[in-house]
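One structure is given below, encoded as C-alpha cells.
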Amino acid sequence: MSVVSLKNISKMYGATAAVESVSLDVEKGELLCLLGPSGCGKTTTLRMVAGFVKPTSGTVEIEGKEVTDLAPYRRDTGMVFQSYALFPHMTVAQNIAFGLENLGKPPKLREQRVQEMLELIELAHLSRRYPAELSGGQQQRVALARALAMNPAVLLLDEPFSNLDAQLRVRLREDLRSLLKRIQITTLFVTHDQEEALMFADRIMVMRNGGVEQVGTPSEIYETPATRFVAEFIGWCSIFDGMVNGQGEFSVGDSIRLPVDAGPGPATVIVRPEHVKPVEIPGQAHAFEARVTSSNYHGSLCRLRLDVSGQEVLMEAHYPHGRAPKVNERIAISINSKGVRRLPG
Amino acid sequence: MQNRSLVRFKARDKRSTVWVWLITPSVGLLLLFMIVPLAGVIRTSFYPGVRSFGAEGFSLEQYLEVALDPFYQIVLVETIVYGLVVSVGSLLVGFPVGYSLARLPANKRRSRLILVILPLTLSLVVIVFGWIVILGRSGIVNQLLIGIGAVDSPVRLLYTKGAVLLVLLQQFLPFMILSVMSVCSKIDPVLEHASANLRANRFTTFRRVVIPLAMPGIMTGFTLVFILTVSAFITPRLVGGGSVQMLGSIIYEQVVTGLNWPLGAALSVVMLAVTSLVVGVANTLAAKTLTGHRSIAK
Amino acid sequence: MNSDLIDTVLGVAGLAVRFTVYVMLISPAGIVVLASFTREDTLSFLPSGFSLRWYEAAFSSSPFMSALWTSSQLAIVATIVVLILGTAAAFAIARYRFKGSSLFQSLVLSPLIVPIVVLGLGLLQFLAWVGLSNSFVGLFVGHLVIMLPYVVRTMIGGLLVLNRALEEAAMNLRARPFRVFRRITLPLLAPSLITAGVFAFVTSFGNVTLSSFLAVTGTVTLPVQIFTYVEYSYEPIVAAVSSIVIAVTIVVILIIERVIGVDKLF
C-alpha cells in the first residue's frame, strides 16, 4: 500500500492550472522528489498533500484514507518549510514539543521524545536556545526534528537546502539522506535543483507547467529521458533532430551518422556529454571533426561547446595541465554509440 | 463518507465569509458615527433660519448668506491662504528633516524621532499653551528682547497672524516630516550614488532623483497638513484671539457658542468641498507621477 | 556653476534647518514643564525659585482631577474596544481577498482626512437626534472613530510582516485554528498590538478638537478643561496640569520605544 496517493489532482487559479491531473504513489520508506523549474506546480502539489491548498478536483490519500478536504491539522504529515518557519518566540525544545502538545501527549512522554529528537539531530546542548541564536544549518535540523517528533506518516520537505550556502548544502544533503534512510521515513521532497534531486531521491517526478513529464529512478531520468524537456532540464546533453534510414542509421546534417535502435523515419536523439570524447585521428568510426565554440574550465573537467558541421555537440572531457582547446580550434571527437538515446515520440 | 464531505463543504463556505464578520463592527461604527453624521451636516445646511433644533424645510438661505457676506468671503480666502502657507512652509522645513531622518542609522534616528513624535502625540492644547507662555507679554521671547536691549517694553507677539502661522506650522510639521521620512526610507540610496557618479551635484540629485521619487509622500504630507490647518480652531482662538479669523474657529463659534447649526453646517459643507478638492488634486498628482515612473521603467 | 559651493551651502543650510526644527518641536513642551515649577502667582520667565505648589494646587483642584479621571477612563475603554475593532478590520484587509476590500480600507482610514470640526458638528447633532446628547457615549464613539485609522494602519503593518508559514507550520503540527491564533499569531502580533494600543490611548487622552464639540454634553475631558481655562487665564496651575499630560505622553512614547522602537512606527 502506498503511503501517499494522488489521484488525478488539479488546482485551478481562475482559468490557469497550477497543477493539472497529477497522479502519484509514494511507497513506504521511499524518498520521492518533485523536481521542476519554478512555477511548475511542484510546491502546490506538496501543499495539497499538507492540506494548505485544496485541489480543484481529484483526491489525496494518506495511508489509504481520503484526506482531500481534511484541514491541515487533521493530517498525518510533518513538513519542513523553505524558511523553516521556526517559532521565534519559542526555544528549540519548545518548538519540537509544540506538535506533541497538540496531539495531547502527556508531559513525561513529550520530554522524552524531545530528548530523542535532539539527540537524533545532535543539538541536545542547544535545547534552550531561540531560533534566532542558531546557524542556518542548525535551524534546518530543528525544523526537521520538529516535523519528525510526531512520527508522521510522511515527511514533506519544501526546498530545505535553498537557504544554505553552497558548501554547507552538499554536506547537509548527504547527512540528511542517510538520516532519513536510517529512520526509514517516507519523504516527499520538492526542489528545483536537478543535481540535488539526482543524488537525494529514490525516485523523481519531473514536473513542467503543472503536468508530469516523467517519473522514474534518477538513472532512468538521466539516461532515458522521456521528453526533450527532461533531457534538457536534467544535466547537459546534445540534442539532434534528424532521420533514421532503413539500416538503423540516424543522420543529421552533412556528417553526423549514428547507429540507433529504431525504425525508419524522423527521430530525435540525445547524447550525454560524457559519451563524447576527444580522439587523436579523425576518420575512426563515429568520429567527427569539430570546431570549438566555447570552452569552460570546471576544475576536474572541461565543458566544451562544439560545432560539427552546423550541429551543436556538447562534450565534457579531462584536459590536464591547462591543455584545453581554445575557441575556434579544430579538434576530432568520437561519439560512443552506447550513449546515443532516441527520445520517445 | 457522503455525510462527512457534506459537513466539510459547509465548513469551507463559512471560511470564505469570515471577512464579513471582521469588517462589520468597523463598517457599522463608521457608518453610524461618521457617514450618517456627515450626511446630517449636509442636510442641516439646507435648513432655513437659525434654529438648531426642530428646523424644517429646504432652502439655500445659509449658502446665500455665506456667499454674499464679505466677512465669510474674506475668512474663506484667508483660511485657504493660511492652509497653503502652512503646508508649503512645512514642506520646506520638514523635507530636509524627514530626508535626513530616513538616511540616519537606526540608533541615531530613534532619539531624534522621539522629538518628532512628542508634539504629534501630545495634546494640542498643551502645545498651544506652551506657545502662549513663550510668546506672551512676559514670555521668554519678550524677556530676551528686553534683556539684550532690543526693545524697551514688551512687544505684542501673541494675537498676530505671524504667531498663528508659526504655531500651526509647529503643530503639523511632524505629519510632514514622518510622511517624507517614510517615503524617503524606501528610496534606495544607490540611486543617489548613481546620480552622483553621473556627475550630478547634490542639488541636481535632489531635484531630479529624490524629489520625483518622494512625490507620493510629499503629497500625503501636504494634504494632511492642509486639512489640519484649514479646520484648525483651537490655535486661532487661543493664539489669534480676535485678530485672526479662520473657517474652523467660525464654525466652532456658530455651533458651540452661537448655537446656529444650519449656518455652521453650511460653512462645514464649504470646508468639506475645499478639503475634498485638495485631496482629489493631490491624489491625481501623485497618481500622475507614479504612472510617469512606470512608463520610464518600461 | 560651482558644484562644491552649492554642495557646501546646501549642507550648512540643511544643518541649520534641522537644528531649528528640533528646537522648535520641543520648546513648547519644555517651556511648560519649566514654568510649572514657579513659586510665583503668574507665569513669567525665568521662574524665580522652585516649588511644587502648583502641582499641589492641581492635584487638589476638583475640576482638573475629575477631568483627568474622565479622560483616563475614556481613553482606556476606547483603546480596548478600538483594538478589537481595528485588529479585526486589519485581518480582513491583510488576510482576505474580497470585493470592496480597497474601498473598505479607504473607509477605515478616512477619519484622517475628515476635518474634525465637521465631524464634531455632525456627531453633536446626530447624538442630539438620537437622544444621547448627555452622556459619555458620544465622546466614546467619537474617539473610536478618530482612533480607528491609527490602529488599523499599525495592525496591517504587523500582519504583513508576520510570516504566514509560521501559522501553517503550527497547523501542520496539528494545532487547531484557535490554538494557532493563541499560541502563534497573538504572541507574534503582541508588539504591534501594544504599539497600536498606546498610540490609540494618547490619541484619545490628548484629543481636544473633537472633545470640545462633544463637551457641551456635560462630560469634560482634561484637554477640554485646559482649553476652557486657557481661554480665560494663564495661571501656573495650567502649566502643572499640562506637565502631567506631558509626563503621560512621554511615558507612552517610551513604552513604544522599548517594545518595538519608535523607528518601526512609520
Side-chain angles (χ1 to χ4, degrees), chain B residues 19 22-23 25-26 29-30 33-34 36-38 40-41 44 93 96-97 100 106 109-110 113-119 121-127 129-134 138-140 143 170 178 181-182 201-203 227 231 233-234 238 248 251-252 255-256 261 264 268 271-272 275 279, chain C residues 3 6-7 10 14 17-18 21-22 24-29 31-32 35 43-45 85 88-89 91-92 96 98 104 107-108 111 113 115-119 121-123 125-126 141 144-145 148 202 206 208-209 213 216 223 226-227 230 234 238 242 245-246 249 252-253 257 261-263 266:
Chain B
W19 62 270
L22 293 176
I23 72 166
S26 307
L29 175 83
L30 294 176
F33 299 113
M34 186 180 80
V36 172
L38 290 182
V41 170
T44 303
V93 294
V97 180
S100 78
R109 180 163 56 190
R110 289 165 87 145
L113 249 173
I114 290 179
L115 298 185
V116 179
I117 296 173
L118 181 67
T121 43
L122 187 58
S123 185
L124 192 76
V125 74
V126 172
I127 294 177
F129 175 65
W131 280 110
I132 291 172
V133 177
I134 294 173
S138 52
I140 193 164
Q143 298 286 330
Q170 186 266 344
L178 294 173
M181 182 190 88
S182 126
N201 62 24
R202 265 161 79 173
F203 180 70
I227 292 171
S231 62
F233 66 95
I234 305 274
L238 296 184
I251 295 175
Y252 178 81
V255 172
V256 176
W261 289 0
S268 295
M271 180 184 281
L272 268 181
T275 54
V279 171
Chain C
S3 282
I6 292 176
D7 280 9
L10 268 181
V17 168
R18 295 202 302 266
V21 165
Y22 288 126
M24 188 169 99
L25 287 178
I26 206 67
S27 49
I31 296 294
V32 167
L43 284 169
S44 64
F45 272 88
L85 257 66
F91 255 95
Y96 291 87
F98 56 93
F104 173 65
L107 177 72
V108 289
I113 54 163
I116 296 295
V117 271
V118 183
L119 186 64
L121 166 59
L123 264 175
Q125 181 176 262
F126 177 77
V141 294
L144 287 185
V145 169
L148 190 63
V202 279
V208 60
T209 41
F213 272 88
V216 288
I226 297 175
F227 178 43
V230 176
Y234 303 149
V238 181
S242 296
V245 177
I246 293 169
T249 312
V252 158
I253 293 175
E257 167 65 19
V262 282
D263 54 331
F266 304 95

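Sequence lines set the chain letters: A, B, ... in the order given, protein chains first and strands last, and positions in each chain run from 1.
With a threshold of 4.5 angstrom between heavy atoms, Phe33(B) approaches chain C through its backbone and through its side chain. With a threshold of 4.5 angstrom between heavy atoms, Ile113(C) approaches chain B through its backbone and through its side chain. In this structure, chain C has a heavy atom under 4.5 Å from the side chain of Val279(B), while its backbone stays farther away. At a 4.5 Å heavy-atom cutoff, the contact between Thr275(B) and chain C is made by side-chain atoms alone. Residue Leu122(B) touches chain C through both its backbone and its side chain, counting heavy-atom pairs closer than 4.5 Å. In this structure, the portions of Val108(C) lying under 4.5 Å from any heavy atom of chain B include both its backbone and its side chain. In this structure, the portion of Ile116(C) lying under 4.5 Å from any heavy atom of chain B is its backbone and not its side chain.
Highest contact tally toward chain C, considering only Leu30(B), Leu38(B), Ile251(B), Leu272(B), is held by Leu30(B) [criterion: heavy-atom pairs under 4.5 Å]. Most heavy-atom pairs under 4.5 Å with chain C, from the set Leu115(B), Ile132(B), Ile23(B): that is Ile23(B). Options Val116(B), Leu124(B), Leu118(B) differ in how many heavy-atom pairs under 4.5 Å they form with chain C, and the most are formed by Leu118(B).
Put simply, CD1 on Ile226(C) and OG on Ser123(B) are 6.0 Å apart, with the number rounded to the nearest 0.5 Å. Note that CD1 of Ile253(C) is 7.0 Å distant from CD1 of Ile114(B), once rounded to the nearest 0.5 Å. Note that the CD1 atom of Ile31(C) and the CD1 atom of Ile134(B) stand 5.0 Å from one another [nearest 0.5 Å].
Within the 3.5 Å criterion, the main-chain N or O of Gly40(B) finds a donor-acceptor partner in the side chain of Gln125(C).
Under the ring-ring contact (aromatic ring centres under 6.0 Å, His included) criterion, Phe98(C) pairs with Trp19(B), not counting sequence neighbours. By the ring-ring contact (aromatic ring centres under 6.0 Å, His included) test, Phe91(C) pairs with no residue at all, sequence neighbours left out.
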